[in-house]
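Values in this document were obtained by computation on a predicted structure and should not be read as measured data. Chain A is the first sequence line, chain B the second, and so forth, proteins listed ahead of strands; every chain is numbered from 1.
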Protein chains: 2
Amino acid sequence: MTQKAQAPKKRSNLRDVAKAAGVSVATVSRVLNEPGVVKKDTLEKVQKAIAELRFVPSAAARAINSGRTRFVGALIPTLDNAIFARFLAALERKLSDDGLSLVVATTDSDPDIEAAKAKGLVDIGAEGLIITGASHSPEFYELIERTMMPTIITSYFDNSNPLPTIGYDNEAAAKLALRHLIELGHRRIAVVHGPIHNNDRTQARLSGLHSLSWEGELTTFETEISLRGGADAAARIESNSSKPDAILCLSDVVALGVLFGLQSKGVSIPEDVSLMGLDDLPSSAVAVPSLTTVHLPVSRMGERAAIALARWISAQERPQPERLEAKLIERSSTIRNAVLNE
Amino acid sequence: MTQKAQAPKKRSNLRDVAKAAGVSVATVSRVLNEPGVVKKDTLEKVQKAIAELRFVPSAAARAINSGRTRFVGALIPTLDNAIFARFLAALERKLSDDGLSLVVATTDSDPDIEAAKAKGLVDIGAEGLIITGASHSPEFYELIERTMMPTIITSYFDNSNPLPTIGYDNEAAAKLALRHLIELGHRRIAVVHGPIHNNDRTQARLSGLHSLSWEGELTTFETEISLRGGADAAARIESNSSKPDAILCLSDVVALGVLFGLQSKGVSIPEDVSLMGLDDLPSSAVAVPSLTTVHLPVSRMGERAAIALARWISAQERPQPERLEAKLIERSSTIRNAVLNE
DNA sequence: TTGACATATGTAACTAGTTTCATCAACCTT
DNA sequence: AAGGTTGATGAAACTAGTTACATATGTCAA
């Protein structure tokens with residue numbers, strides 16, 4: 001009600017300040033950008049005017065001249081999986097070092113949403129994009145091509161992709177995990193994975209598994225990528241008549257969920273069944289039992305992507321693809337198959 | 001090397017398109033913004049020119065006219081704690097509905113970093129800010145005041161704060177938790193909390209605990225807010241000569257860490273000691289035993305903050321503070337104190 | 001056939017900064 | 001004292017769009 005009696009005077013601009021200080025707009029601009037070249041008392045006069053008029057330079061007007069908006073966009077499937085949060089954290093940190101801000105958009109793994117949000121990011125002036133995975137909609141590619149937007153693909157590696165990829169080899173990572181279980185003597189392995197639809201990373205991991213030839217069998221279970229999803233899968237596995245020697249989850253969150261699910265049913269890990277994840281979340285090291293997994297270098301991936309994108313934008317250097325190595329992390333949730341050893 | 005032989009021709013602009021299509025700039029602008037009013041063959045002519053010249057309108061030039069950049073900034077302590085990731089996810093989702101993008105900046109709970117990043121967000125043209133908690137640096141407040149930036153504080157509620165707050169009452173939430181433990185008959189309670197330095201939410205929760213008068217004692221343990229931090233605290237609590245009846249962790253991540261830490265030492269929960277968290281992460285419901293906690297409505301907080309900020313920006317309606325209720329969630333990690341009952 | 005009106009388009013002035021070039025005074029040199 | 005250099009400032013052009021206003025057709029009714 002007594003909500004400020006002042007006139008709703010609009011924001012003041014450079015010209016207002018120049019007039020108030022009795023100088024030219026050029027001088028005000030200099031005060032803002034190279035105060036060193038302005039005589040001391042002129043400087044003070046102008047700064048006084050700036051303060052009095054509460055002048056705040058318009059970012060848009062600056063951007064129109066410099067052609068730089070100083071921010072990039074990241075399109076990620078979801079923030080609800082800690083793995084993307086970790087990636088974003090590293091990305092934001094490094095971009096910030098280069099004076100770039102990060103606009104985050106989530107796509108829910110839907111290529112249409114991705115295309116729409118990418119359009120939105122371009123519309124508000126993003127100077128570059130970070131995206132996830134291999135498959136995207138035609139509209140998306142059309143947009144990237146038309147705008148010549150510097151765009152880096154993460155979370156998977158492919159030398160031959162026309163866009164630079166910075167990521168790991170999902171097939172190889174999954175194989176690494178499976179090989180470990182095979183070496184431990186496991187022969188009947190349950191594989192728990194997230195939705196295949198629209199998720200090329202999951203697809204690649206699965207095809208990695210199937211490409212391995214060995215004497216044993218895989219049974220696959222699809223579930224939601226969440227703790228709850230893992231717990232559900234555990235219930236399904238348990239209710240099955242034939243019990244696996246080992247369970248391989250293609251995400252750590254799911255593995256943790258399976259761990260909880262089995263624990264609540266009184267199944268001991270790794271005594272009754274070996275359990276393995278893939279990602280290496282911080283939780284996995286602390287869980288009881290600690291989770292054997294394959295480490296995906298997502299923080300490093302974030303850093304590398306940030307550096308590459310910043311260079312691409314500021315120096316027009318198109319980045320080289322970068323393959324980051326996944327690494328087996330042996331912890332306590334997997335042991336040698338006892339039956340086989342007898 | 002054979003990197004495109006084409007001339008490095010700069011981006012084409014409205015004038016170029018107008019010239020190529022043989023029309024005025026106004027017509028091109030109309031084609032972009034109200035295609036309906038342009039005659040069909042003119043429209044096609046212009047669209048052809050746009051396509052040929054690969055014309056992409058400059059976001060900055062648009063922004064300079066509309067005065068709108070269509071994005072807001074969020075300053076959060078960290079992305080490594082799932083609670084903020086959840087908050088951000090909700091925030092981004094709702095902002096996106098209003099055509100606003102979200103720029104994320106992390107502060108590491110450092111007021112100076114926060115002030116610097118806030119400055120950066122304003123510099124790139126953010127139309128509003130979402131910040132976390134009560135305490136901020138003088139430079140930060142000076143910036144908000146000078147730029148009259150619409151700014152909403154989240155993660156805590158305070159009617160009397162000059163900036164609108166949308167959040168919960170941290171003192172009350174902590175009291176809710178403690179009261180539950182007291183009602184269960186626990187008298188010696190270990191409290192595990194995150195760093196107090198620069199963290200007003202933790203401070204408020206602690207002061208809530210200390211404001212309760214009851215016949216029993218609190219022992220506090222400070223640790224890092226992470227699973228590892230919780231596990232460490234568990235070790236410290238265990239090595240203490242006097243064992244608590246219950247452990248109250250002021251964050252769920254920490255509680256989960258404590259859970260794992262105790263499990264690995266063979267301590268049974270809740271039989272040997274009751275354990276309680278505060279936050280209500282998805283993990284807490286799935287953990288074994290499932291974690292009694294106090295639910296903080298962070299998703300709802302994100303939505304409400306998004307709606308309020310969008311309205312503030314587009315309709316100059318300064319939001320009313322909103323208090324969101326924390327709620328006790330009883331699960332299996334707490335039971336009645338057996339000793340007391342004998 | 002002329003006036004009234006709608007439709008389509010163009011001209012030029014705006015938005016808010018940066019930047020180039022010119023100007024002028026002050027100082028230094030010879 | 002004339003000429004050269006430096007320092008500080010201003011005028012105006014420039015960035016890339018939007019938009020108010022003017023103008024040129026075309027259609028229809030009187």
Point to revise | N/O donor-acceptor pair under 3.5 Å between T154(B) side chain and I131(B) backbone | key: yes
Review point. Out of dT18(C), dT15(D), dG17(D), which has the shortest distance to the side chain of L14(A)?
Key: dT18(C)
Exercise for review: Starting from P on dG17(C), measure out to CD1 on I50(A) and report it in whole angstrom.
Suggested key: 10 Å
**Study point:** Members of residues 19-44 of chain A that approach DNA chain C, where some heavy atom sits under 4.0 Å away
**Key:** A26(A), S29(A), R30(A), N33(A)
Practice item. For N198(B) and D110(B), indicate whether the former's side chain and the latter's backbone hold a donor-acceptor pair under 3.5 Å. Key: no
Practice item. Give a yes or no answer on whether the side chain of S135(B) reaches the backbone of D200(B) with a donor-acceptor pair at less than 3.5 Å. Key: no
Practice item. Report yes or no: does E127(B) contribute a side-chain atom to a donor-acceptor pair with the main-chain N or O of R70(B) at less than 3.5 Å? Key: yes
Study note, to complete from the structure: Taken to the nearest whole Å, CG/D16(B) to C1'/dT15(D) is 12 Å
**Study point:** Euclidean distance, atom CG of residue L53(B) to atom P of dG17(D) [Å, nearest integer]
**Key:** 12 Å
Review point. For dT18(D), does either OP1 or OP2 sit under 4.0 Å from a side-chain N or O belonging to N65(B)?
Key: no
Point to revise | Gap between atoms CZ and P, on F55(A) and dT15(C) respectively (whole Å) | key: 14 Å
Exercise for review: Would you classify V56(B) as touching base, sugar-phosphate or nothing, given that sugar-phosphate means primed atoms plus P, OP1 and OP2, and contacts are heavy atoms under 4.0 Å?
Suggested key: sugar-phosphate
Review point. Whole Å only: how far is the CZ atom of R62(B) from the C1' atom of dT15(D)?
Key: 16 Å
Check your understanding: Is the backbone of D16(A) close enough, under 3.5 Å, to the side chain of N13(A) for a donor and an acceptor to pair up by distance?
Key -> yes
Check your understanding: Counting only N and O atoms by type, is there a donor-acceptor contact under 3.5 Å from the side chain of T42(A) to the main-chain atoms of V38(A)?
Key -> no
**Study point:** Phosphate-side-chain proximity, R15(A) and dA16(C), N/O vs OP1/OP2 below 4.0 Å
**Key:** no
